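Okay, so here's the structure we're looking at.
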Amino acid sequence: MARKLLIAGNWKMNGLMADGVALAKGIAEEVKKLGKVQCEFLVCPPFTLLSSVKKALRGTKIAMGGQNCHFADKGAHTGDISPAMLKDIGCQYVILGHSERRTNHFETNEIVNVKAQAAYSNDLKAVICVGETLMEREAGQALDVCKKQVLDSVPESATWQNTVIAYEPVWAIGTGKVPTTADVAEMHAAIRKTLAKKLGKSNANRMRILYGGSVKPSNAKELLSLNDVDGALIGGASLKVEDFLGIAKNSGAF
Ligand code: PGA
């Protein structure tokens with residue numbers, strides 16, 4: 001069964017109210033112009049913008065996600081946000097285990113795993129991120145590192161319906177550097193094989209594996225046309241309507 005491409009924007013910590021709403025409206029207008037499309041769109045704004053972005057996306061099929069969540073539903077967790085809160089505000093997705101969370105907030109595979117389970121319990125789909133550092137890539141450990149991240153971060157209860165994997169080499173994020181297509185193809189195939197071992201072949205064959213790290217309109221075609229690449233998780237280029245849409249248009253889904 002063909003996997004529907006997912007074009008996902010990770011806005012990170014960018015956007016005050018006026019620019020965030022303008023960006024969401026701009027994306028909504030352009031997506032409407034595309035008519036019936038063969039891909040799915042997702043935007044993941046900062047928490048402060050979720051409510052307004054939801055309104056701006058009204059009348060479209062563009063999905064919205066959070067960029068992180070706690071594993072608890074509520075309680076004494078100052079500064080955190082629960083999956084129930086994300087669901088309540090209109091999110092369908094949550095990004096988990098992004099390398100910036102793993103590095104800056106010391107999130108381990110085990111933490112990502114319990115967060116993903118909490119997301120499922122609240123009817124949210126998890127976008128679980130994995131990726132090697134430059135040192136690991138240069139030491140020839142990239143495949144092993146990512147396989148372990150997949151095995152340990154992805155819950156046993158993950159299915160192709162509730163989970164998307166994003167392969168994001170840490171050294172490619174925000175740097176303009178992109179792995180060779182051969183390296184991306186090799187990694188995505190290895191991730192799918194690992195998923196098959198863990199979740200069974202039919203889940204693995206239908207689960208989407210996105211590529212992320214310096215995706216832009218000019219490299220979207222070669223990356224997104226690879227066999228096991230089922231979309232993109234886009235940081236910098238998701239902050240401009242024309243770049244975000246440009247990536248979708250060059251994805252091969254049209
Ligand atoms: P980038 O970020 O597209 O700016 O490299 C990707 C990401 O961190 O998800």
Side-chain angles (χ1 to χ4, degrees), residues 5-15 19-20 23-24 27 39-47 49-50 53 62-69 86 91 93-107 112 115-116 119 125-134 136-137 142 145-146 149-150 153 163-181 183-184 187-188 191 208-224 226 229-251:
L5 282 188
L6 177 62
I7 304 297
N10 172 11
W11 295 6
K12 308 194 180 184
M13 198 172 71
N14 293 294
D19 0 298
L23 177 56
I27 292 170
C39 67
E40 191 185 337
F41 287 96
L42 166 66
V43 293
C44 300
F47 299 137
L49 297 179
L50 288 172
V53 165
I62 303 168
M64 187 174 77
Q67 298 173 13
N68 173 46
C69 68
L86 293 180
C91 290
Y93 284 86
V94 59
I95 299 173
L96 295 173
H98 189 281
S99 76
E100 286 148 18
R101 303 273 335 157
R102 290 178 185 264
T103 308
N104 303 336
H105 297 270
F106 314 108
E107 288 191 7
V112 175
K115 286 184 174 193
K125 299 178 208 293
V127 179
I128 299 179
C129 305
V130 300
E132 82 285 357
T133 62
L134 186 57
E136 289 162 342
R137 161 95 21 209
V145 166
C146 294
Q149 286 179 337
V150 169
S153 306
T163 304
V164 173
I165 306 294
Y167 167 56
E168 300 204 302
V170 179
W171 52 273
I173 295 175
T175 58
K177 290 186 191 138
V178 177
T180 63
T181 48
D183 284 345
V184 175
M187 181 62 81
H188 280 238
I191 290 174
R208 290 177 292 187
I209 306 174
L210 313 184
Y211 169 78
S214 297
V215 179
K216 46 190 184 202
S218 59
N219 61 21
K221 193 168 179 200
E222 57 172 358
L223 288 165
L224 299 184
L226 295 170
V229 177
D230 309 310
L233 183 56
I234 307 150
S238 73
L239 298 173
K240 283 197 188 134
V241 177
E242 63 271 31
D243 288 351
F244 189 58
L245 266 291
I247 291 168
K249 285 176 186 162
N250 292 343
S251 69

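Values below: every heavy atom of this structure, side chains too, minus hydrogens, waters and symmetry copies. Since this is a predicted model, take the numbers as computed values, not measurements. Whatever order the structure lists ligands and atoms in, that order sets their numbers, starting from 1.
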With atoms numbered from 1 as shown, which atoms in ligand 1 lie under 4.0 angstrom from a non-hydrogen atom of [X]?
X: E168; answer: 6 (C), 7 (C), 8 (O), 9 (O)
X: G236; answer: 1 (P), 3 (O), 4 (O)
X: K12; answer: 2 (O), 7 (C), 8 (O)
X: G174; answer: 1 (P), 4 (O), 5 (O)
X: S214; answer: 1 (P), 3 (O), 5 (O)
X: G213; answer: 5 (O)
X: H98; answer: 7 (C), 8 (O), 9 (O)
X: N10; answer: 9 (O)

Would you call [X] and [Y] a side-chain contact if the rule is heavy atoms closer than 4.5 Å?
X: V229; Y: Y167; result: no
X: M13; Y: P46; result: no
X: D230; Y: L6; result: no
X: L224; Y: I7; result: yes
X: L96; Y: C69; result: yes

Might you work through the side-chain contact (heavy atoms from CB on, under 4.5 Å) test for E136 and V170, ending with a clear yes or no?
-> CA-CA 10 Å; E136 289 162 342; V170 179; over 6 Å; no
Among H105, K115, H98, side chain to side chain donor-acceptor pair (under 3.5 Å) partner for N68 =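 When H105, K115, H98 are each tested with N68, the side chain to side chain donor-acceptor pair (under 3.5 Å) holds only for K115.
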What is the nearest protein non-hydrogen atom to atom 3 (O) of ligand 1, stated with its residue, atom name and distance?
->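 Sorting protein heavy atoms by distance from atom 3 (O) of ligand 1 puts G235 N, 2.8 Å first.
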Give a yes/no verdict on whether any heavy atom in A172 is under 4.0 Å from an atom of ligand 1.
->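 The answer is yes: ligand 1 sits under 4.0 Å from a heavy atom of A172.
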